[in-house]
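In what follows, chains are A, B, ... by sequence order, proteins preceding strands, each numbered from 1.
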Amino acid sequence: MTRLSSYLLPTEKQAPADAEAISHKLMVRAGLVRQLGAGVWTWMPAGWRVHQRIVAIIREEIDAIGGQEMLLPVLQPADPWRRSGRIEIDELFKLQDRKGTELVLAMTNEEAVTTHVAQVVRSYRDLPLILYQFQVKERDEPRPRAGILRTREFVMKDSYSFDRDDEGLAVNYAKHIEAYDRIFDRSGLEWYRVESDVGMMGGSGSHEYMAPCAAGEDEVALAPGYAANLEVASADAQPVELPAPLPEPREVHTAGLTTVEEVAGRLGVQPGAMLKAYPVIAGGRGLVLVLVRGDHRVNEVKLRTALGTDFRPAQPDEFSRKIGPAGYLGPVGANAPILLDTAVTDGGYVTGANRPDFHLYGVEPGRDFPFERADVRTVEPGDTVGGRPIRIEKAIEVANIFKLGTRYSEAFGATFLDENGGARPIVMGCYGIGPARIAAAAVEQTADEHGIAWPRAIAPFDLELVALGRAGSEELALAERLYAELTGLGLDVVYDDRDLGPGQKFADAELLGCPLRVTVGRRTLTGGELELQVRRGRESRSVPLEGASQAVLELWRTLP
RNA sequence: CGGGGCGUAGCGCAGCUUGGUAGCGCGCCUGCUUUGGGAGCAGGAGGUCCCGGGUUCAAAUCCCGGCGCCCCGACCA
């Protein structure tokens, strides 16, 4: 029973002044969420209904693949986090109790869940397992932003799989992919599953689920049959026209010209016919000179993977003696290993000459300098995968899944005895989904100038019944009757029985965005027809008053 | 962490330059009118002007320090 006359739905005509993202503005205006502090948000009753509907979908699907729901604590002793090494993470909230004991607020739960599994799983007969929870996560984000999109506290569904071996992990990973695909299909989002970087989680593979929208913080590269986070995307570069080859490099005077555009313009070659030099200091390897085409950009995530270690840009005093002066760096004669991007095809390029005011023309990789090859550039729109051009879109990361391997099981001594009595580390996977981000992405993807247009599966209510007319009127009596009927048919109805003008009720209904609006007014009585508005597209329909409730239910079932 | 901006009624804002009664729109309360697209009239309530210190006869306003919040970038298991 939800009557707006007694329901806390604090809608606002104006968005908060500091809101930028559509989902931020609309979710606040529609009375779904309210801010308490930086990156700290309260879910109001109608907003929490959305959240809980998303949670219910996730729960059904994770249960369906054999997940067992449990609850791990947010407040945790610091010791396990020291053991895993993650105590060092800046985003981890750390605190002390009154005795001075070190505690942390969990940002994820590999430490806790692995600790328990290490205690209770002994035999291969206890495996495989999928354990999961919905629990608040705490992260000291450097910059919370965009309403509920990036917050310091948020509910996450995190599941963990435990297997005897990589084959088992592959099975559980595939099960989660199935479940997640269904979750996002059911939630009504436009989404992609993309390859992603394993990041600080380590492990051997990961995917992200991305919901494209303007407020997204990530970028995805998409082509038919291909989807990857821009951080890891690979594609075939667009070809570039190279100048005619020379028997050997020729020095050219380029005084004061240090950028690719300036030099290419002066020499009359395409920017892609130049090689951009990017000196880095790689952990354990020292100075490395990375070369990409002049029209390409170095991708730091891919470079880190290629180097197999962390790195940082080298400072002039670290490379000027071994290579050359900033602005005129090149591979010829460089006293450092050279990493050449795979998009650099054979031919003659323009590079820095490693002395001030000069470049080299006609430099050929291999002939003029030795190199290692690696794919270290960021793909560009128009690059191709399998001959088909890619496009790049902004997207919200709504879920992330990882093959963890044995990193945590080894750290926490989570082993099992196999058939031969040998102790082996449990092979783990972890799988996260943020319900709040699903809600925000749905708003971003469906909103129009009137408000939100929720997908049916996650709307706060199935439909909004708007009653026009004054207290004691015949139309109000009819509305009451319909409210009871529709509710009786199993629909979740929000009933606007407030003493307000029609304009305000319609505006609020469209702002809140339930998939269907049913209007009861004087016209309903005189015309004998009930007016319906499908929120998506604001299309009006009408059904005969006779048998109207059943007709409403049937229409509702067809909505997106 | 670098750059930019903002804190005055529930929301959106003006006032600050040039110190002197704290204001506007929306919202809220009461009454009457109005009920198919944010309605009208009348009356009313609501403020530690972010906090602390300083200057001054007097501080929302000037000075110093702090806190909070937003945006861009870096970062983001």
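Distance from the side chain of A:E20 is smallest to B:C71 among B:G38, B:G37, B:C71. The A:Q14 side chain lies nearest to B:G25 when the options are B:U35, B:G37, B:G25. Here the nucleotide nearest the side chain of A:R34, chosen from B:C75, B:G10, B:G38, is B:G10. For A:A507, counting side-chain heavy atoms from C-beta on, the closest listed nucleotide (B:C76, B:G38, B:U35) is B:G38. Comparing atom distances between the A:R29 side chain and each of B:C69, B:C76, B:G38 picks out B:G38 as nearest. Among the nucleotides B:C26, B:U34, B:C70, the one closest to the side chain of A:K13 is B:C26.
Using the Watson-Crick or G-U wobble rule with both distances under 3.5 Å, B:G52 pairs with B:C64. The partner of B:U34, taking Watson-Crick or G-U wobble pairs whose two distances both stay under 3.5 Å, does not exist in any strand shown. Pair assignment for B:G25 gives B:C11, based on Watson-Crick or G-U wobble hydrogen-bonding distances that are each under 3.5 Å.
Between A:Q35 and B:C70 there is a side-chain polar atom (N or O) within less than 4.0 angstrom of OP1 or OP2. Contact annotation: A:R150 does not reach the phosphate of B:C76 (side-chain N/O to OP1 or OP2, under 4.0 Å). Considering only side-chain N and O atoms, A:Q504 lies under 4.0 angstrom from the phosphate OP1 or OP2 of B:A39. Residue A:R143 places at least one side-chain N or O under 4.0 Å from the OP1 or OP2 atom of B:C71.
For the C1' atom pair drawn from B:A39 and B:G7, the interatomic distance equals 35 Å after rounding to whole Å. On the P atoms, B:A14 is 35 Å away from B:G31, given to the nearest whole Å.
Within the cation-pi definition used here (under 6.0 Å to the ring centroid, within 45° of the axis), A:R193 does not qualify as a partner of A:Y180.
The aromatic rings of A:Y173 and A:H207 sit tilted, their planes meeting at an angle between 30° and 60°.
The distance between atom CD of A:E474 and atom P of B:U35, rounded to the nearest whole Å, is 16 Å.
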